[in-house]
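A note on names: the letters A, B, ... follow the listed sequences, proteins ahead of strands, and every chain is numbered from 1.
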Amino acid sequence: MLIRVEGLSAQISGREVLRDISMGVEAGEIVTLVGPNGSGKTSLLKTLIGALTPSQGRVLKDQGLRLAYVPQKLHVEPMLPMTVARFLSLPKKKTASSIAQALTAAGVPGIEKQSIQGLSGGQFQRVQLARAMMDKPNLLLLDEATQRLDHVGIADFYHQIAAIRRDTNCAVLMVSHDLNVVMRQTDRVICLNTHICCQGKPDHGVPHRSISVSLGSAMRIWPCITISRMP
Amino acid sequence: MLDDFLIRAALAGLGVNLTAAPLGCFVIWRRMAYLGDATAHASILGVALSLIFSLPLTLSVLLTASLMALLSLALSNRGWAMDTLLGVLSHSALAIGLVAVSFVSGIRIDLMAYLFGDILAVSQTDLLTIWVGAFLVVGMLAYRWSNLLLVTLNPDLAIASGIDPKREQLILTLSLAVVVAVAIKIVGVLLIVAMLIIPAAGARPLSRTPETMAMLSAVIGGSASGLGLIASYQFDTPTGPTIVCTATLLFLLINAMRPAIDWILKSRQKDRQAQPLNTGERHG
Ligand SMILES: Nc1ncnc2c1ncn2[C@@H]1O[C@H](COP(=O)(O)OP(=O)(O)O)[C@@H](O)[C@H]1O
Ligand SMILES: [Mg+2]
């Protein structure tokens, strides 16, 4: 296990946002977190990086863990001048060639000199993925990383995730609402609603198109039909 | 040579501005202006304490400014209405300090020097204090520059990279207290935040990276202190306010020229981009 949590609960301003969560991610595994808005997906990722302190339970990290994190939203103060190249060099200095390479791999070549505040939502998302990959992580935490991408962008993005895993054996834990993709490309799905409703392999026997992309109705179907329960 | 009070004044102004420049950038980026005000205003309390108990001024100001900065920092993590809270703290500290000073007889006139600074009365010891403070703060900021930047950009990204945002915030807060302590004689309590903010704000339109902004704000602040000093000597005006006025003039000038600057930066970028855009077609 790269990272594991045991009996983890967490509170934000006195309210319980995570209750008795036990889960983990193995090396090279792609795990998707699904759940309605406010179900604690972002909070769970934050406890994994250490930004949210659990009120109970613990987070266990492998010695060799190198994690990278792409937050759900990243507001950049307009008064802070920041080029793409500089952003990729935070906090550690990077060579121009490694920056160029990372941007090309993320599908946004040649934008080193642009300011990050001037990028489109989709471009910035790709730049953030490029930054996350700079330090060669073995666990990538992605919080709704496709929310600002168009259809082509989303398809591209998941190809890239698959490629990253194939080429670097980097494990991925992502929050996603793209259920069709989740069904096809994920090793394991975790359904979250403050506590873990269920987790397991997506059932490939269920036709994807029959599942509404709307998460509300999907949540009703998912726990019982599309995921084979695991102990 | 350092006996010449004008040269001492120039060196003092330069030292303060070189320190204020990079810190002022963080004050702007992190929206800490109110925190700066609170810290600066609290220092008048330090002046009062130093006069009443005959403590060394810099030490006493450094202590009260640090305490106020730490108090503001502690409260700012509670999610209260920050501007209200800091407004209360900041102005109470100023008022209490002014009342406390009035208990010490015979210094009502001197008070002006602490409120608006008296750069022409800088002693050799003051000069030494200023430059020691400058080296401390600039050295600290340079040493932790990347960490501070990432924490400023997004604390969660910093945590994910193994950086403790609280520690970096503490460094910035204490640096602020040091700058206040060394700048109080030069620009005075009321205008310290102006010397932090105005040069940095002036540097923003000219900068594409945080490093350029820090350096350009040092250039703007340094020029303002030099030109302001000359102007204040020439027109017999209070030095601190004259330096701030000069910084404001530079700020206005840069912003007036902003359309031209933007145009130049854009066309330079277009020249550079012509090449990558063509090769980019292969990917599309
Ligand atoms: N900064 C915050 N202050 C107060 N409550 C918060 C904050 N962030 C999240 N919450 C609450 O925590 C719960 C879980 O939020 P989150 O983890 O962001 O959910 P998700 O990512 O699944 O949409 C929500 O009920 C939300 O209202
Ligand atoms: Mg979320």
Side-chain angles (χ1 to χ4, degrees), chain A residues 12-13 42 45-53 65-87 89-94 100 103-118 128 131-132 134-135 137 139-141 143 152 156, chain B residues 24-31 33 78-79 144-165 168 197 200-201 203-214 216-217 265-266 268-284:
Chain A
I12 298 180
S13 33
T42 298
L45 292 194
K46 285 193 178 179
T47 56
L48 293 181
I49 63 169
L52 181 62
T53 315
L65 177 72
R66 295 184 308 278
L67 67 76
Y69 172 60
V70 177
Q72 182 168 358
K73 51 175 188 276
L74 182 54
H75 167 78
V76 183
E77 166 65 41
M79 288 305 281
L80 175 60
M82 185 66 70
T83 60
V84 170
R86 190 69 190 84
F87 178 61
S89 271
L90 279 179
K92 279 189 225 111
K93 187 113 188 69
K94 305 286 169 7
L103 288 175
T104 308
V108 277
I111 62 166
E112 285 95 333
K113 297 252 159 62
Q114 287 190 31
S115 100
I116 57 175
Q117 288 96 339
Q128 287 192 66
R131 178 181 174 273
M134 288 303 288
D135 285 325
L139 173 62
L140 188 54
L141 304 176
D143 201 346
V152 180
D156 266 10
Chain B
C25 291
F26 282 106
V27 169
I28 286 191
W29 298 334
R30 303 178 61 89
R31 307 192 173 212
R78 299 281 160 86
R144 310 201 67 85
W145 185 255
S146 261
N147 286 8
L148 291 168
L149 271 183
L150 190 55
V151 169
T152 299
L153 189 81
N154 184 282
D156 288 344
L157 282 185
I159 293 173
S161 293
I163 299 164
D164 180 3
E168 308 302 326
I197 286 178
R204 175 63 185 97
L206 307 172
S207 315
R208 304 185 64 81
T209 63
E211 290 77 20
T212 5
M213 181 160 157
L216 286 176
S217 66
L265 287 178
K266 262 210 194 88
R268 270 178 53 192
Q269 196 189 338
K270 258 187 207 140
D271 290 346
R272 276 203 223 101
Q273 289 240 308
Q275 214 52 34
L277 271 182
N278 289 337
T279 54
E281 279 173 5
R282 264 188 287 130
H283 298 275

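Heavy-atom pairs under 4.5 Å with chain B peak, among A:R66, A:K92, A:R131, at A:R131.
A 4.5 Å side-chain heavy-atom check between A:D143 and A:V70 finds every atom pair outside the cut-off. Residues B:D156 and A:K46 form a side-chain contact, since some pair of their non-hydrogen atoms from C-beta on lies under 4.5 Å apart.
With a 4.5 Å cut-off on non-hydrogen atoms, B:S161 touches chain A through its side chain but not through its backbone. With a threshold of 4.5 angstrom between heavy atoms, B:L148 does not approach chain A through any atom at all.
The pair B:R31-A:E77 counts as a salt bridge, with a side-chain nitrogen and a carboxylate oxygen less than 4.0 angstrom apart.
In the model, B:R30 has a side-chain atom that pairs as donor or acceptor with a side-chain atom of B:T152 under 3.5 Å.
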